Every structure is written in structure tokens, then in C-alpha cells.
Protein chains: 2
Amino acid sequence: MLTHTEENYIKTIYHLSGDANRDVSTNGISEVLKTKPASVTDMLRKLSEKSYIHYIKYQGVTLTKKGKKEALQIIRKHRLWEVFLVDKLKFHWDEVHEIAEQLEHIHSNLLISRLDEFLGNPAFDPHGDPIPDPQGEITIRKKYLLCDMAVGFNGVVVGMLETSPAFLQYLDRLNICPGAKISIKERIVFDGSLEILLQEDKQLVISYEVAKNLYVSD
Amino acid sequence: MLTHTEENYIKTIYHLSGDANRDVSTNGISEVLKTKPASVTDMLRKLSEKSYIHYIKYQGVTLTKKGKKEALQIIRKHRLWEVFLVDKLKFHWDEVHEIAEQLEHIHSNLLISRLDEFLGNPAFDPHGDPIPDPQGEITIRKKYLLCDMAVGFNGVVVGMLETSPAFLQYLDRLNICPGAKISIKERIVFDGSLEILLQEDKQLVISYEVAKNLYVSD
DNA sequence: ATATTTTTTTAGACTATTCTAAAATCTTAT
DNA sequence: ATAAGATTTTAGAATAGTCTAAAAAAATAT
């Protein structure tokens with residue numbers, strides 16, 4: 001069984017390597033995990049021995065099939081717990097990450113399948129990210145920047161490019177959050193701002209700057 | 001902040017010392033935690049330095065006020081999670097302990113108060129044990145062995161003396177579980193067996209041997 | 001009261017994870 | 001092509017928690 005630390009490294013490698021399974025750098029990992037590169041090297045040797053990663057000295061790492069499977073299980077747990085925290089315990093979608101970071105390390109398959117069922121088998125977490133199924137399959141949902149969509153577009157908010165507290169607070173004030181329904185009514189040519197309809201009832205105007213930082217999907 | 005290990009030691013000392021805050025032995029702790037006495041000694045020195053326990057070499061330990069407060073918080077978390085697992089995720093009351101052992105170490109006061117609220121501020125866990133309130137106060141509920149109660153008694157099952165799988169499985173077959181309402185209709189003089197009414201609708205007879213191992217409260 | 005047994009502690013060592021400092025390797029700019 | 005700079009690895013050490021073996025203290029039995 002993996003330790004919390006090993007799980008965190010695997011998860012970080014997954015996030016850094018992206019869908020394309022690109023090579024991940026030692027420094028990159030150390031930055032995310034706030035450890036020194038030397039510590040990362042030690043762990044990489046260990047994970048390589050346990051065959052969770054492909055690792056060649058000085059050349060970066062990728063996850064093996066086994067490692068990727070493990071990463072997806074951890075992400076599945078993390079995102080299911082986030083849904084629990086937001087849907088059931090009324091947390092704001094923006095304050096659940098740290099708690100889910102702890103909960104994702106609870107070991108019990110039965111717990112996770114029961115939780116999944118209890119939550120109604122959600123496909124996306126409160127940030128709009130897909131929740132891997134028990135086999136590690138994820139529903140890929142193409143996402144676009146709102147600013148690139150045409151008048152008449154109709155879809156849902158699935159995330160933000162910019163994640164500074166200032167931006168998130170502003171969005172919150174506008175009632176824009178992941179999962180919110182959004183459609184484009186008009187584009188103001190003068191400054192690129194958009195007139196939108198939110199949740200099918202609130203009409204408002206958002207600046208091009210805001211639209212440039214909002215991911216949507218249809 | 002305490003580590004998982006430190007929390008486990010504090011919790012164990014609390015459980016071993018009981019309400020009366022009796023002195024706890026090094027060997028006793030090592031047995032519960034399945035570590036060697038030498039390891040316990042090391043940890044006791046550490047917890048003593050952090051003033052969670054009163055510790056004099058060769059004389060056993062008790063919790064300080066600070067230690068007891070900490071223990072009660074951990075127990076509060078453990079028992080609230082047990083309620084969650086049974087009430088919401090449909091676990092059997094007898095299979096939740098190990099998972100709760102992990103969940104009790106999640107650090108977030110907000111999480112626990114939200115969970116408490118979500119569960120309807122329960123006073124007892126699925127085993128019938130009291131859940132400390134946020135200040136660490138516990139509702140003490142006097143418990144008796146069912147065999148000692150008179151005909152006409154009316155109350156609830158709050159625990160078992162014997163906890164072997166065989167006994168628990170048998171109780172399960174009879175639908176006797178903590179929280180179940182129970183009243184005594186008649187006592188058979190010949191063998192001490194009891195005719196009882198369970199959950200106000202099921203009438204059955206249980207042996208003296210069974211009644212001797214059932215805790216009840218009114 | 002003292003010898004024996006049990007309990008507890010000390011001393012020294014191991015594993016996991018981290019660190020610092022220095023060496024090795026790779027990349028980039030000329 | 002090579003020097004300078006950046007990245008990565010190695011070497012050696014620290015901390016938390018555990019262990020074994022042996023010493024010290026307490027409890028017990030005659």
C-alpha cells in the first residue's frame with residue numbers, strides 16, 4: 001500500500017504531465033510539493049523501483065500504466081470528497097481543496113463506492129473537473145474560453161484560467177461559479193464585453209477581461 | 001499540530017484510563033497500539049514534553065487537562081464519522097471502526113462542525129457510545145445488563161459486553177443492534193430466558209446468556 | 001527480607017522522508 | 001564547439017517513529 005507521500009508524488013506527476021503524458025521535471029515536482037529537488041530525486045528512485053514511473057536519470061519522468069491507474073484513483077477520491085463537501089456540507093467550491101487533500105488518502109474502496117453512490121455518481125467535481133470512474137476512465141469535456149465563443153452560445157461554466165482570490169471573489173459576487181449555465185446574448189464591439197444570461201434568469205454584462213478567464217463547455 | 005501517531009497515543013491513553021483517569025501502563029499502551037514497550041516510552045517522553053500527559057518514569061501516565069481535551073476531540077471526530085458511515089453510507093454498525101480510525105485524523109474544525117450539523121447533532125454513535133460536544137462534554141447515559149432488568153422494562157440497546165463475531169452475527173440475525181428499542185414482556189423462571197418486544201413490533205425470546213451480554217439504557 | 005519475575009527504560013540501530021552542500025550532467029548562447 | 005548557466009543527482013546528515021537487546025526499577029513469592 002502506498003504512503004500519503006508516495007500518493008502525493010504520483011498525483012503531482014499526473015497533474016504535471018497532463019493528458020499527453022509529457023515528461024515531468026524534478027524541479028517542477030519540487031515546486032508543486034514544496035520540497036527540494038534532492039528530495040524529489042530520492043522519491044523518484046523509489047517510485048521507479050516500485051514501477052509506478054518510468055525514470056531515467058537527468059531525463060524526467062512519466063507515469064507507467066500502473067502509476068497512472070493509481071493517480072486516477074487518488075483523483076477520483078479527491079473529487080468525490082469535494083462534491084461531498086460542497087453538495088452535502090455546504091462548503092463553497094473554493095474552500096474545499098485542502099480538506100479534500102487530506103480525505104483523498106483514506107484507504108477503503110468500499111467507502112469510495114458507497115460515497116459515489118450517495119452523491120448520485122457525479123461526473124464532475126465542483127470546479128468542473130471530471131471525476132474518473134472506478135476503472136479510471138474520465139469523461140472528457142472540451143472546454144473553451146468564453147471570449148472565443150460566438151453570440152448565441154449556450155453552455156456551462158467549467159472552470160477559470162485565472163484563479164487569484166480577487167478574481168474568484170468577483171465572480172462570486174456575479175454568481176458565476178462552475179456548473180452555472182451561461183449563454184451569450186450580445187457582444188459589444190467597442191470593448192469586447194459580453195452581455196450574458198446566467199442560470200437562465202440573470203442578465204448581466206461582463207468585460208472581455210473576465211470572459212478571457214472563464215472556461216465554458218456545451 | 002499533532003501527528004496521527006501522537007493522536008493515536010493520546011486516544012489510547014484516554015480509553016485505557018477510563019472516566020476515573022486511572023494511571024495507564026506502558027505495556028497496556030503497547031498492547032493496544034501493537035508496538036513495543038520501548039517505543040511507547042519514547043512517545044511518552046515526547047507527549048510529556050508537550051504537556052499532553054503527566055508522566056513519571058516507572059509510574060504510568062495520565063492525561064493532563066490539555067491531553068484530555070485533545071482526546072475528546074479525536075473521539076468526537078471518530079464517532080461523528082461513524083454516524084456518517086452508518087446513517088448516510090449504509091454501512092453496518094459493526095464494519096465502520098477501521099475507516100473511522102482513519103477519518104478521525106482529518107484536521108479541520110469547520111469540517112467537523114458542518115458534519116455534526118449535517119448528521120443532525122447526534123448524541124450517540126452507532127455503537128451506542130456518547131459523542132462529545134464541541135467543548136468535550138459527554139452525555140453520560142447509565143447502562144445496565146438486560147438480564148438485570150425487571151419485567152416491564154422499556155429502553156434501548158446501547159452496546160454489547162461480548163463482542164465476538166459469532167455473538168454479533170447472531171444478534172444481527174435477531175435484528176438486535178445498538179439503538180434498537182427493547183422492552184421486557186416476561187421472564188421464564190425455568191431458564192432465565194426473556195420474552196421481549198423489539199422495535200415495538202417484533203416479539204421474540206432470548207436466552208439468559210444473550211441477555212447477560214446486552215447493555216441497555218432507558 | 002531477599003530472590004525471582006515482570007515491567008519499564010536506556011542505548012543503539014533501522015526506515016522513511018526531508019534537508020544542505022557539492023558534484024555531475026544537460027542546455028544555451030555565443 | 002565551448003563556456004556559462006541551469007538542472008539534476010549524490011553524499012552525508014536530521015527527524016519521527018519504530019525496533020532489539022540489555023540494564024534498571026518495581027512487584028511478587030517465598
Side-chain angles (χ1 to χ4, degrees), chain A residues 1-18 22-63 67 70-71 74 101-102 104-107, chain B residues 1-18 22-63 67 70-71 74 101-102 104-107:
Chain A
M1 190 138 60
L2 291 164
T3 64
H4 288 198
T5 312
E6 290 168 330
E7 288 187 348
N8 282 333
Y9 274 91
I10 288 173
K11 189 184 53 160
T12 301
I13 294 166
Y14 180 87
H15 284 312
L16 289 174
S17 70
R22 285 187 305 281
D23 273 35
V24 172
S25 75
T26 301
N27 273 5
I29 298 169
S30 84
E31 233 171 80
V32 174
L33 293 176
K34 291 167 193 343
T35 59
K36 301 293 161 185
S39 311
V40 174
T41 300
D42 285 345
M43 183 56 90
L44 294 184
R45 195 176 319 105
K46 190 175 157 198
L47 290 176
S48 177
E49 255 162 42
K50 295 190 179 187
S51 60
Y52 286 101
I53 59 175
H54 295 296
Y55 171 53
I56 305 168
K57 284 203 297 195
Y58 294 105
Q59 290 194 201
V61 276
T62 56
L63 290 173
E70 197 61 49
I74 300 162
E101 289 272 287
Q102 297 181 62
E104 75 190 4
H105 299 297
I106 302 291
H107 291 293
Chain B
M1 189 139 60
L2 292 164
T3 64
H4 289 197
T5 312
E6 290 169 329
E7 289 188 346
N8 282 334
Y9 273 91
I10 288 173
K11 189 184 54 160
T12 300
I13 295 166
Y14 181 86
H15 284 312
L16 288 174
S17 70
R22 286 186 305 280
D23 272 36
V24 172
S25 75
T26 300
N27 273 5
I29 297 168
S30 84
E31 232 171 82
V32 174
L33 293 176
K34 291 166 196 342
T35 58
K36 300 294 160 183
S39 311
V40 174
T41 301
D42 286 345
M43 183 55 91
L44 294 183
R45 194 178 318 106
K46 189 174 157 197
L47 290 176
S48 177
E49 256 163 41
K50 296 190 177 184
S51 60
Y52 287 101
I53 58 174
H54 296 295
Y55 171 54
I56 305 168
K57 284 203 298 194
Y58 295 104
Q59 288 192 201
V61 275
T62 56
L63 290 172
E70 196 61 48
I74 300 163
E101 290 272 288
Q102 298 180 63
E104 73 190 4
H105 300 297
I106 303 292
H107 292 293

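Fair warning: this is a prediction, and the values are worked out from it, not measured in the lab. Convention: sequence-line order gives letters A, B, ...; per-chain numbering from 1.
Proximity of A/Leu33 to A/Val40: side-chain heavy atoms (C-beta onward) are nowhere separated by under 4.5 Å. Using a 4.5 Å heavy-atom threshold, the side chains of B/Glu6 and B/Glu70 count as separate. Proximity of B/Val24 to B/Thr12: side-chain heavy atoms (C-beta onward) are nowhere separated by under 4.5 Å. Taking 4.5 Å as the limit, some side-chain heavy atom of A/Tyr52 sits within range of a side-chain heavy atom of A/Leu2. Inter-residue side-chain proximity for B/Thr35 and B/Tyr9 is flagged as met; some heavy-atom pair is nearer than 4.5 Å. Side-chain contact between A/Val61 and A/Leu47: absent, with no pair of heavy atoms (C-beta onward) separated by less than 4.5 Å. Looking only at side-chain heavy atoms (C-beta outward), B/Thr41 and B/Thr26 come within less than 4.5 Å of each other.
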Going 5' to 3' through nucleotides 19-24 of chain D and flagging B where a protein heavy-atom sits under 4.0 Å of the base, S where only the sugar-phosphate is that close, and - otherwise, we get BB---B
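What separates CD1 of A/Ile56 from P of D/dT8 is a distance of 14 Å, to the nearest Å. As rounded to whole Å, 13 Å separates atom C1' of D/dT7 from atom CD1 of A/Ile29. Put simply, CG on A/Leu33 is 10 Å from P on C/dC19, counting in whole angstrom units. Rounded to an integer number of Å, the gap from B/His4 NE2 to D/dA16 C1' is 14 Å. Rounded to an integer number of Å, the gap from CD of B/Glu7 to C1' of D/dA16 is 15 Å. Straight-line distance from the OH atom of A/Tyr55 to the C1' atom of D/dT10: 10 Å, rounded to whole Å. A/Asp23 has its CG atom 16 Å from the P atom of D/dT7, to the nearest Å. Note: CD (A/Gln59) to C1' (D/dT9) measures 14 Å, nearest angstrom.
Between A/Arg45 and the phosphate of D/dT9, there is no side-chain N or O to OP1/OP2 separation shorter than 4.0 Å. Contact annotation: A/Asn27 side-chain N/O to D/dT8 OP1/OP2 distance is under 4.0 Å. Side-chain nitrogen and oxygen atoms of A/Thr26 include at least one within less than 4.0 Å of the OP1 or OP2 phosphate oxygen of D/dT9. The side chain of B/Tyr9 places an N or O atom within less than 4.0 Å of a non-bridging phosphate oxygen (OP1 or OP2) of D/dT18. One finds a side-chain N or O of B/Lys57 lying less than 4.0 angstrom from the OP1 or OP2 phosphate oxygen of C/dT10.
Nucleic acid contact class of B/Thr41 (heavy atoms, under 4.0 Å, all strands): base.
No donor-acceptor distance shorter than 3.5 angstrom exists from the side chain of B/Ser51 to the backbone of B/Ser48, with no hydrogens or angles considered.
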Set out, line by line, the N/O atom pairs under 3.5 Å between protein and nucleotides 1-3 of chain C.
none

Test side chain to side chain contact (heavy atoms under 4.5 Å, CB included) applied to A/Ile10 and A/Glu7, step by step: CA-CA 5 Å; A/Ile10 288 173; A/Glu7 288 187 348; 5.8 Å; no
